[in-house]
Amino acid sequence: MDLFDYMAQKKKDTESPLASRLRPRTLDEVVGQQHIIGKDKLLYRAIRADKLSSVIFYGPPGTGKTTLAKVIANTTKANFIQMNATTSGKKDMEEAISAAKQQMGGFGKKTILFIDEIHRFNKAQQDYLLPFVEDGTVVLIGATTENPYFEVNSALLSRSTVFELKPLTKEEIEALLWRAVSDSDRGLGSYHLSVDRDAVAFLADVAGGDARCALNAIELAAMTTDPQPDGSVHITLETAEDCIQKRAIRYDRDGDQHYDTISAFIKSMRGSDPDAAVYYLAKMLAAGEDIRFIARRIMICASEDVGCADSEALVVAVAAAQAVERIGMPEAQIILAHAAIRVATAPKSNSVVNAIFAASDSVRSVKTTVPVHLQDAHYGGHEHLGHGIGYRYAHDYPNHWVDQQYLPDEIRNEKFYEPGELGDEIGIRERFLRIKGKF
């Protein structure tokens, strides 16, 4: 390192954002993620023993993926190379591999290659790493906010251990904020801050598990608040609210949050919890989810989970789907809430699903022929073949029903639809028992 590099690093250490300056240097300084770096956990032991194999760190922004990579860099005796997939290409990887080979050949030293945003590499770029991860030329540490099982090549995944990082709890973010306030070397201690506890609690709450977001907010508050006569800086709840205007909604329309939230929405309607259904609906709408997609899922749930127990639920859902396309946001949120609450509060039955799945299984497994008396007798020549002969017209009989075989001979005793015991299916069951002696 020459003088200019040294001065640049010194300036970076003092003027970089608080979240960067306060980044933990050792495992003991890391806050949160105890499910993977607790003292009895595999990752903790591997880092301590300098026996780390290739890993993928996966989690939302601000949960410590890069932090853990930096801690490993500070702990390991291996050579450490860092790159970001958004700005690096194959040439950078070739240079990194070349340097790793020199370290291994010349000094017998391993190289840890940290690739941030690894999901940004395309398949060919990821494939390039495979042989060097396989033969130990590099130990790969990949960091990604996207589900690696979707975004990272399966061959690379099979050579790595995936560790999922969770959003930090409110209490953990509060601890980080108090550390930032009191740390004079890397934190905000030189500002002589006086921070109200409700301000810290507010920032920790609205950060939504993102430590970087909370640290950025308190740094902004410290730098933009006028000092008191004694030189101290007082940060109130009102100041904190100004510095973080809106809760960050963690929602990626192409990633896990999209699938997790719509899954929770559907399961809440299925589970007859209108409060949860409306909450997840509001979350999707706030994140800009396609209202037509939401409407489609409500329609599906109306048949799949309510079905014949309350057929009107499907009518409401279909009407809502048509209405939101004509009206759009913001009024569409009311219509979607109407439909979601209607489906959530309806009696539930999955008898329709069971019926069609059972019938589909039968169609695939048994070859059948339509009974002769049900075959069409209207088109040419079929009256001479006996088609339709013996058919009894149901409306000619009491209750508009007559005992007659409708299923093919091969499956004549099968029963696919079994009405449930809630809502309208109570009446269906009773009517069938009364006129048909079934169920």
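- For the residue pair V133 and S54, the shortest heavy atom distance occurs at CG1-OG, 3.5 Å.
- D273 places no side-chain N or O within 3.5 Å of a backbone atom of S268 that could act as its donor or acceptor partner.
- Taken to the nearest 0.5 Å, the CD1 atom of I37 stands 7.5 Å off from the CD1 atom of I47.
- Residues in residues 92-111 take part in these salt bridge (charged side-chain N to carboxylate O under 4.0 Å, His left out) pairs, two or more places apart or across chains: K91-E95.
- Under a cutoff of 6.0 Å and an axis angle of 45°, R431 and W401 do not form a cation-pi pair.
- Ion pairing between a basic and an acidic side chain is recognised when a charged N comes within 4.0 Å of a carboxylate O; E164 and K166 show such pairing.
- At least one donor-acceptor pair closer than 3.5 Å links the side chain of Q125 to the backbone N or O of N122.
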Give the C-alpha distance, both sets of side-chain angles, the deciding distance and a yes or no for side chain to side chain contact (heavy atoms under 4.5 Å, CB included) between L157 and V162.
CA-CA 8 Å; L157 278 179; V162 176; 3.7 Å; yes
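- For residues 52-69, no pair satisfies salt bridge (charged side-chain N to carboxylate O under 4.0 Å, His left out), with sequence neighbours left out.
- Residue Y279 qualifies as open at atom OH: its count of foreign heavy atoms under 6.0 Å is 12 or below.
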Would you please test Q33 and Y44 for side-chain hydrogen bond (donor to acceptor under 3.5 Å, both in side chains) and show each step?
CA-CA 11 Å; Q33 313 306 337; Y44 180 92; over 6 Å; no
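- The closest donor-acceptor contact from the side chain of R21 to the backbone of R186 lies under 3.5 Å.
- Side-chain contact between D183 and L188 is absent, with no heavy atoms from C-beta onward closer than 4.5 Å.
- Put simply, the side chain of Q322 never gets that close to the backbone of A319: no donor and acceptor are under 3.5 Å apart.
- Interatomic distance, L42 CG to K51 NZ, rounded to the nearest 0.5 Å: 14.0 Å.
- Side-chain contact of H119 with T144: a donor-acceptor pair under 3.5 Å is present, judged by distance alone.
- We find that R159 and E134 are joined by a salt bridge, their nearest charged nitrogen and carboxylate oxygen being less than 4.0 Å apart.
- Other residues, nucleotides and ligands contribute only 12 or fewer heavy atoms inside 6.0 Å of the CZ atom of F357.
- For A309 against S349, the heavy-atom pair with the smallest separation is CB-CB, 3.8 Å.
- Residues Y128 and I97 are in side-chain contact: their nearest non-hydrogen atoms beyond the backbone lie under 4.5 Å apart.
- A donor-acceptor pair shorter than 3.5 Å cannot be found between the side chains of T26 and D28.
- Separation of atoms CG (D305) and CD1 (I300) is listed at 10.5 Å; rounding is to 0.5 Å.
- With a 4.5 Å cut-off on side-chain heavy atoms, M329 and L285 count as touching.
- Applying the 6.0 Å contact sphere to NE2 of H234 captures more than 12 heavy atoms from other residues, nucleotides or ligands.
- Atom OH of Y406 has more than 12 heavy atoms from other residues, nucleotides or ligands within 6.0 Å.
- Contact between F416 and A359 at its shortest, heavy atoms only, is CD2-N, 3.6 Å.
- For the 3.5 Å distance criterion, the side chains of K267 and S263 qualify, holding a donor opposite an acceptor.
- Remark: side-chain polar atoms of S182 are paired, donor with acceptor, to backbone N or O of R179 under 3.5 angstrom.
- For the side chain to side chain contact (heavy atoms under 4.5 Å, CB included) test with M269, the passing option among L281, I298, V278 is I298; the others fail.
- Q34 CD: more than 12 foreign heavy atoms inside a 6.0 Å radius.
- Checking side-chain atoms of S20 against main-chain N and O of P17 turns up no donor-acceptor pair under 3.5 Å.
- Summarising the geometry of D310 relative to R342, their closest heavy-atom pair is OD2-NH1, 2.6 Å, with the distance given to 0.1 Å.
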Using the rule given for side chain to side chain contact (heavy atoms under 4.5 Å, CB included), can you reason through T76 versus I112, listing the C-alpha separation, both sets of side-chain angles and the distance that settles it, and then say yes or no?
CA-CA 9 Å; T76 183; I112 292 177; 3.8 Å; yes
With side chain to side chain contact (heavy atoms under 4.5 Å, CB included) as the criterion, how do L168 and L176 come out once you've worked through the C-alpha distance, each side chain's angles and the decisive distance to 0.1 Å?
CA-CA 10 Å; L168 272 65; L176 282 174; 3.7 Å; yes
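- Within the 3.5 Å criterion, the main-chain N or O of P419 finds no donor-acceptor partner in the side chain of S351.
- By the 4.5 Å heavy-atom criterion applied to side chains, Q228 and H192 are not counted as neighbours.
- Between R48 and L27, some side-chain heavy-atom pair lies under the 4.5 Å cut-off.
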Evaluate L237 against D196 for side chain to side chain contact (heavy atoms under 4.5 Å, CB included), listing each step before the verdict.
CA-CA 7 Å; L237 174 59; D196 292 346; 5.8 Å; no
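- A donor-acceptor pair is defined here as one N or O able to donate and one able to accept, closer than 3.5 Å; such a pair exists between the side chain of Q126 and the backbone of F121.
- Taking the side chain as every heavy atom from C-beta outward, I72 and I141 approach each other to under 4.5 Å.
- What you find for A317 and A302 is that their closest heavy atoms are CB-CB, 4.1 Å.
- In this structure a side-chain-to-backbone donor-acceptor pair under 3.5 Å is present from S160 to L156.
- In this structure, the separation between CG on N79 and CD on Q103 is 4.0 Å, given to the nearest 0.5 Å.
- The shortest distance between side-chain heavy atoms of V353 and E304 falls below 4.5 Å.
- In summary, the side chains of D127 and N153 do present a donor paired with an acceptor at a separation below 3.5 Å, with no hydrogens or angles considered.
- Take A19 and apply the side-chain contact (heavy atoms from CB on, under 4.5 Å) test, not counting sequence neighbours, and it matches R212, L215, N216.
- To the nearest 0.5 Å, the span separating CZ on F132 from CE on M93 amounts to 9.5 Å.
- Once rounded to the nearest 0.5 Å, the distance linking CG of L129 with CG of L113 reads 6.5 Å.
- In summary, E151 and K123 do not engage in a salt bridge, as defined by a charged side-chain N under 4.0 Å from a carboxylate O.
- R297 contributes no side-chain N or O that, together with a main-chain N or O of I266, makes up a donor-acceptor pair within less than 3.5 Å.
- Residue E29 places its CD atom among more than 12 non-hydrogen atoms of other residues, nucleotides or ligands, all under 6.0 Å distant.
- When every heavy atom of G328 is checked against every heavy atom of I291, the shortest pair comes out as CA-CD1, 4.1 Å.
- Side-chain contact between D50 and T75 is absent, with no heavy atoms from C-beta onward closer than 4.5 Å.
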